[in-house]
Every structure is written in structure tokens, then in C-alpha cells.
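Just so you know, these numbers come straight off a predicted model, no measurement behind them.
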Amino acid sequence: MQDMYGMEYSRDGMASIHVATAQNLPLRVQRLVQISHALLEVRTFNKVSMTPLMVAAANGAHDSFHTLVGLGANLRAQSGTGMSVVSYAATRGHTSIALSLLGNGEMDIMQELLEQLQRPMSNTEKTNCFKVLAGVTQAIAAEPTDRYSHGRSKSEHLRALGVVSAIDDLLKKVTSEESSWESPAQHLMQAITHLAEEVCSDIVTNSDILRTLVGIMQKCDEPSTCITVIHTLKAMIKRDPSACFQIVSMNAPLVMMDAMRKHRSESFLVAAIGCMEISTSRPEVARALYKSGVLSGLAGMVGSPHLPPNVSSSLLNTVENIVTCLEEARKEAVSLGVVQALLGMLHTERVNRIGRILGLLHTLCLGKEDGADVLRGSPHTISQLVGLMRHTISPTSVQQGSFELLWCVAGGGEGERRALAGLVGARCLSSMLDRGAEGLQGKVLDSLLLLAPPVHGVQQEILEAGCVHSLVKIINQASCSKPSCNVMCALRVLETLSCAMAMRPNRKFQQLAEKLGAWRCLLKLYSMTSDKDIQAQILCTLSASSVGNPALKQLLLNDPRFELSQVASSMVAMETDHVGTVSRALCYQLYNSSDLQGWLAERGGLPYAPFEARQRSQDRAERARASFEAVVMAKLFTDRDGMSVTVEGIKSLSLLLVEVEEEGEGDLQVLIGSLVCALLRTGDGLGSAFLSLGVARPLVAMLLEPPHDGSLKTSALALCLLSRLPRGTRVVMKYGRRAPYLVPLIQRYSPTYPLSQGFWEDWTQYCKDHPKAAAKQARLTKMTVISSLYSDAKLFANVKVEESPALTDPGEGQEEEEEEPRISCGVPLHQTKGFVMSKSRAAVVKLPSIMQPNV
């Protein structure tokens, strides 16, 4: 078949160049054009009248297409039916052909596509056009420059073309059709997703696209289309925060929850929960989502065994974001049973996913509507959390998360927190102190401070766990930068560890601290910081460590910054908190040191006013410390007589001891009893004064009816010290004759300071003269006395945790067993007839009260 010019055509009206183009033979196309350049624009011999470039675009012949473009083919030519090159590429779905024209300055592909979409087409052609539109918008959004928009910015160019309004109209038109609208709508939504990178604000404010998308998700039965809707919404939320409020105002979260119930596919759950997670990362959006009522639906999904792991993690993050923003949301989550669901997950999830569960539990337990009450009613969960902390293979995040959660469950009570610290153990605390964040370090340091007093019997464990190294590291870091709030607590822990019972020096601590260079770090920090609180605490810590350490004491005396007379004279102008700390520091240095006291007296002594103000405090612990310090430094006061100060101080301590013994306050009993023991070590005169004031009676009562074993240790030590006085021997003998089991108790709980030789002679003679004394012990009522670690603790006192093999190292961290103490008749205590003494620290006997004689 030939045309009027003699051109040969096939039966379907195609010339040789059309055939070569359709078959994607670029070399043949090039030779034909070289033979006759007119072939470049030759039309098919039919009513369609297509150029070779249109044939290449319609058939997706990429190589031929690029060859024709390179040879100068007309890009703006139109066929006999009014279609352009872009139209053929779009309707046939050849995105790569359209993209190759995107950078050509002679035409605007986006405008051509929008014009084509206004023409009538079949469903297949329409879907192909939407597919190409999505590809073109993606390319425009991904291009870092504005080379596709003819000198204008991409956003300005897209606004000038009216792309948003055009796509809005197309989306409404497509979704209004009764059938086969899902696939075209998906491609349109992909285009919207890409456009959101440039003109998101226009989509949110100047169109009904968001409302249409929510409507699609509500009526669509195809999960893949709903997933595309969610991805589109997510893209706009990321780009424009105001889109969140528009979406929430259209009830999109509730529509999404209904869609999740309807479409139970994993991919849809991943998309929906992921969208909510991103949305709730902004507090204002999280509050809006809560007010929309979505929390109840999310709470019902927590703990579901059917959720994939990645969906479960996103769900927990979403719930945590919501409950963190509002207290009422936290209350509602607790009432909806989220805590119980999380506890169920805690028993079944893998260790590496427990961190997220612990984080949400911690958030819920911080609320006034106690989520912590649910945990307090689950001893098994508490036991599991303690086991996770103590297990060496647990990830750091799980250890720290478990500790923070249990710290919150313990509440503000000192007894519960001390019991928790005792369960966790010094080794685990040391590990978290090294690896934890600053906020966690504060809690760990508070725990060590609760464990450090010598009466609890864990100082040796703390030293062997490496805690001192961690404390010195914190102080050393503070000397190189701005000190944090944890430094003060670390200094207080070191101060507490430096002394054993009755202000005896802790030799092992002193050796370890000197080996680690702790004193150098403290002196360096003192020079670097200007914080008066920290400087006062450093002085106090160094002074406490100088007890029984002549080298350190001499170092302090030679340092002009710590010159005693200067420190003493500055106490008058100090604030109340500083006075207590500095006074404690002076007391450590002057305790049982007559030479140093005489030296300070020659240089002006001390003012009494700061001590007198503290002795009037409402805090009985502060009052007791002030009285003790006043007695120690009584000879140094320039404005008061030393004897009257001593009498007042001893009387105050005696009255306080009687008062706290009657009320059964174990911790105060230990504190005041320890201060009394420290004074009894200084000389016989003070012991006689205490005996005259009747201090023996409350001490005996503390030993016979102890609130915890700390009272046992303190009162036993005090009675041993009193027995070294002639009058004290008679007093202890009098109580021992009334209660023969008193002497074994003193012997058991005061191995360091035994009863005096004179007392043992009298007691041996008494046992020979009264053989029925041992028989009286058979009538004792055996009761359990809890450890001082678990005093005032109900929750953590009863937790039983199986020790992980990785944490129990036989022979390491254990104190040497003491030789079994014996009574005068030579029978071991725990074999004495009728007197059964448990060897465990947490189970000792509690004995009945006796009538106390007046001394």
C-alpha cells in the first residue's frame, strides 16, 4: 500500500520506520532517518496518524524513543485523535518514557498528564495514566534541584499548574464510581504522597483530599488500598504537623481502629499502628488522639498474642506517647487493664523486647492513679524483675528498666527502698552505676547510701563489688566538668563507708580508697568547684576518712584550705545545712583527739550558737547529731561551760533514746544508740553519766524486743561498753539475772567488743551458784526478727529470688564466719537447750519483755 507520495505502508498503515520503531531497533531507525530525514515525522497511514515517536512511546520502545529524540523528533506533535507523545506513554503505562521527557525544557509533562486525565478513557488507560502521574510526581519530589520547573521553585510551579486541585477533583471523581476504583485511587494516593513533600500545606488547607482519603479508608474493602491511604496520611503528618489535627477532627483514628478490626492483615496493622506512633510523637497530637477516644481500642490490643513483634513494639510506643502527655490518660490506661496486660507480656516476651514493656510500666506507675498498686499485688512479677536485674546476661536496658520500675513501686518509703537495694545486691548496683544514665545513677547512689551504714552488715559486700571504684570515677569526672547532682550523693556514700560501728575506722575502705586515689580526686574537686555544698561535703568525707588514718589527718592539717580554726570561725555565718555538714567534719577530726582539741582551743575555739540552734530542731535525728557533736567538742566552746554542754548533750541523747525505744522506731534507735556507743568509747566519765541517766534500761529493752537486728547490734555493743565500768558491770549483771538469755544475746551480737573480764568472772560465779538459770531459757518464746535491711518494708521483705549461678561465686564476697560464741558453761549458743538461734541474718529470735529494774 502506498500513499500519494509513493511511501510504502503495511496493511495496518505503518511504514518501515514505524515497524522498526515498534520493534525497538534503534540502529535501523537511525539508518532510515539518515536515508530520508522526512521519515522522522512520517505519519501512519490510518485515522490515528501517529509519528514514529508516538509509536515508540505507545510500545515502550525505550531505545528507539531515545534515538528519535536525539535525531530531533517533534515532541509536541499530536496524532489524528489529538493525543500527544506524553498521552501515549501515559495511557500505556510506560512511566520510564514519560520520565525521560521530564527534564526536557520544551514541554511540561505534568501539564500534559493533567490534560490527558480530563479526556475520556477506558479503565485500563485511566489506571495507566494514574500510574505514570505517580511516577512523575515521585521524580519531581526526589529531584534535589528545580530543573524541572523552568526557573521557579518546585512548589511554586506545582501551585501554578493547579496540581493539587486537579488531583482533588480526580480523586473525588474516581472514588464516586461504583466499581473498579481501587487501583486508580491507589496510584492517585501515591501521587499525593509524593506531592506532600512540596505542597503539603496546600493539600491540608486548600483541598478536600484529607476528607476523601478518610472516606476511602472507611468504605474500602481492599486492605492494600487502605494501606496506601495510611501511607499517604503518614507522609503528610511527617511534613506538616497541622495535618494531624485535621485528620483527628475527621475521626480518622476511630475509622482506622474500625478498619483494623475489619482487615486483620499483618501489613495493615503495621501501617496503621506505625502511623499512630509517628502522630503521637508530638505531644499536642497525642492529646488530640486521646480526646478522640482511641485509647480504649489501643488498650484492648496490648498483650494480644496475635500481634506481630514489630506491631507490638509500635503499639507500646503509641500508648506510652499518649499516657505520658495527660494524667487522665494514664488513669484511664490503668483502669482499662493495661498494667495487667503488660505483666502478662512480661512473662512471655523475649528478653530483648522487655525493655519497651518496662518503659511503659514505669510511665503508668508514675501516675497518681496507682498502676504501682497492681504491681505491688504481684509478688511473682517483682521476683522476676529482681531476677532480671541480678542476672548477668540481661541487657543493660532491661536491668536499668527493671530497677527504675521497682524503685517507683517501692514509693517514697526509706524502708522499702532499702529492702529493694538489699535484694538487688551491691554487685548489680555497681554494674548499673558504671553503665547507667545520670538519672539512674542518682537512684543507684541513693540505694548505696541506704545500704552503706555499718549496722546493715553489707559494707564488705559493697567494697568487694567495686562500688568504691565507681564512686571515685563519678567524682573524678565531676572534677573535669561541671559537677552533677549525683556528686553530692557519691560523697555521702564515701563518708558513710569510711566508719564502722561506734565511729571505728573502716580499715579496708581506707586502704582501697587510698589505692584508687580517692583523696587526690576529692582535693582536686574541692579546688575546681565553687559550690559551697559540695565543698562542705568534701571536707566532711575527708574528715570521716581521717579517723584512724594519721597520714590523711596530717594532710588535712597541713592544707591551709582546711585549717580548723578558720573553718570553726566561719560556722557562725554559714547557712543551717552547711553548719550541720561542717560540724560533722570537725567532729570526725576532733573525736577522741585531745591534742587536736587543745590546739584548736588555743586558736579561738568554737561558737556554741550553731549547735544550740540545731539542738532545738524538730527533726530528732538532727537533734541527736547536734547533741553528740556538742559533747565531743564541749571543751572548745568559748561562750558556754564545757561541763554544762556535756550534761545537756548526754541528757538529750538519753531522753531521745527512751523516746524512740517506746515508739519502736528502729532506724532512730540505731542512730542514737550508735552515737551513744561512740561516746562510751571516749572515756569512763561519760559512761557513768549515761548510767546515772538510766540509759541501760532502753538499751536492754532494745536488745530484748528489737524492731530489727540493727537494734540488736547497737544495743549489744553499748551494753558491752557499759560492762567495762564497775557500775556498768553491776547493772548488766542485774539485768542478766532477771533474763539469763540477755548475756548470750550480747555475746552473739557484739563479737568485736566482748563483755569485760570482770563481768565474765561475776557471770561464771552466778551460773555456778544458780544452775537453774540455763533451764529458764527453755521457756523462751522464739519469734522472728527481720534484718535491718528489711525494716519498715512489707513488699520487698517477703520477695524470694533464686540467685543466678552467674552471680554466686562461692568464697567471693562472703564474710568469714565468726567463731561460735559460747556462754560461761562452755555450750555453743545455738546448741543451748531451749535457745535456738538462726544463723541467717534475716531470721533471729525475738524475746519477750521483762520488768525492768530501776538503776
Side-chain angles (χ1 to χ4, degrees), residues 164 167-168 171-172 174-176 181-182 185-186 188-197 199-302 311 314-315 317-323 325-326 329 332:
V164 173
I167 290 181
D168 187 12
L171 191 60
K172 290 177 181 177
V174 167
T175 54
S176 64
W181 58 272
E182 287 89 351
Q186 286 193 53
L188 270 176
M189 285 185 285
Q190 290 174 6
I192 295 170
T193 303
H194 303 316
L195 286 172
E197 294 293 328
V199 287
C200 185
S201 58
D202 288 1
I203 295 175
V204 173
T205 58
N206 300 328
S207 71
D208 292 330
I209 289 179
L210 289 179
R211 192 175 302 278
T212 306
L213 291 174
V214 174
I216 290 174
M217 186 166 51
Q218 190 170 14
K219 74 175 186 178
C220 182
D221 295 327
E222 182 63 36
S224 60
T225 304
C226 290
I227 292 172
T228 308
V229 172
I230 292 173
H231 287 317
T232 304
L233 295 176
K234 188 191 299 186
M236 286 188 283
I237 289 171
K238 284 182 178 179
R239 193 68 182 176
D240 187 356
S242 63
C244 295
F245 300 103
Q246 294 262 8
I247 292 170
V248 171
S249 66
M250 299 171 187
N251 290 327
L254 295 179
V255 172
M256 202 176 295
M257 295 297 300
D258 292 337
M260 279 191 276
R261 298 186 188 98
K262 183 167 60 173
H263 309 299
R264 297 184 178 273
S265 67
E266 180 178 338
S267 55
F268 181 77
L269 286 175
V270 171
I273 300 298
C275 181
M276 289 190 180
E277 181 183 10
I278 292 175
S279 302
T280 54
S281 62
R282 294 184 174 89
E284 61 275 12
V285 179
R287 287 190 285 268
L289 272 176
Y290 168 70
K291 293 176 181 178
S292 70
V294 76
L295 181 59
S296 58
L298 295 174
M301 297 171 64
V302 174
V311 175
S314 297
L315 176 63
N317 288 341
T318 304
V319 175
E320 184 170 6
N321 290 338
I322 293 175
V323 300
C325 296
L326 289 168
E332 183 177 341

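With sequence neighbours excluded, no residue satisfies side-chain hydrogen bond (donor to acceptor under 3.5 Å, both in side chains) with S292. Residues passing the side-chain hydrogen bond (donor to acceptor under 3.5 Å, both in side chains) test with T228, sequence neighbours excluded: Q186. Every residue two or more places apart in sequence or in another chain that forms a side-chain hydrogen bond (donor to acceptor under 3.5 Å, both in side chains) with E320 is listed here: T363. The side chain to side chain contact (heavy atoms under 4.5 Å, CB included) check on I278 picks up K234, I237, K238, with sequence neighbours excluded. Evaluation of the side chain to side chain contact (heavy atoms under 4.5 Å, CB included) rule for V311 yields L269, V270, I273, L307, P308 as partners, not counting sequence neighbours. Here A272 pairs with I230, M256, M260, F268 under the side chain to side chain contact (heavy atoms under 4.5 Å, CB included) rule; sequence neighbours left out. In this structure, the side chain to side chain contact (heavy atoms under 4.5 Å, CB included) partners of S267, at least two apart in sequence or on a different chain, are I227, S265.
Across L295 and A329, no two heavy atoms sit closer than the pair CD2-O, 3.6 Å. Of all heavy-atom pairs between M217 and A259, the closest is CG-CB, 4.3 Å.
Put simply, CD1 on I322 and CG on L298 are 5.5 Å apart, with the number rounded to the nearest 0.5 Å. Separation of atoms CE (M276) and CG (N321) is listed at 12.5 Å; rounding is to 0.5 Å. In this structure, OG on S314 lies 4.0 Å from CD on E277, to the nearest 0.5 angstrom.
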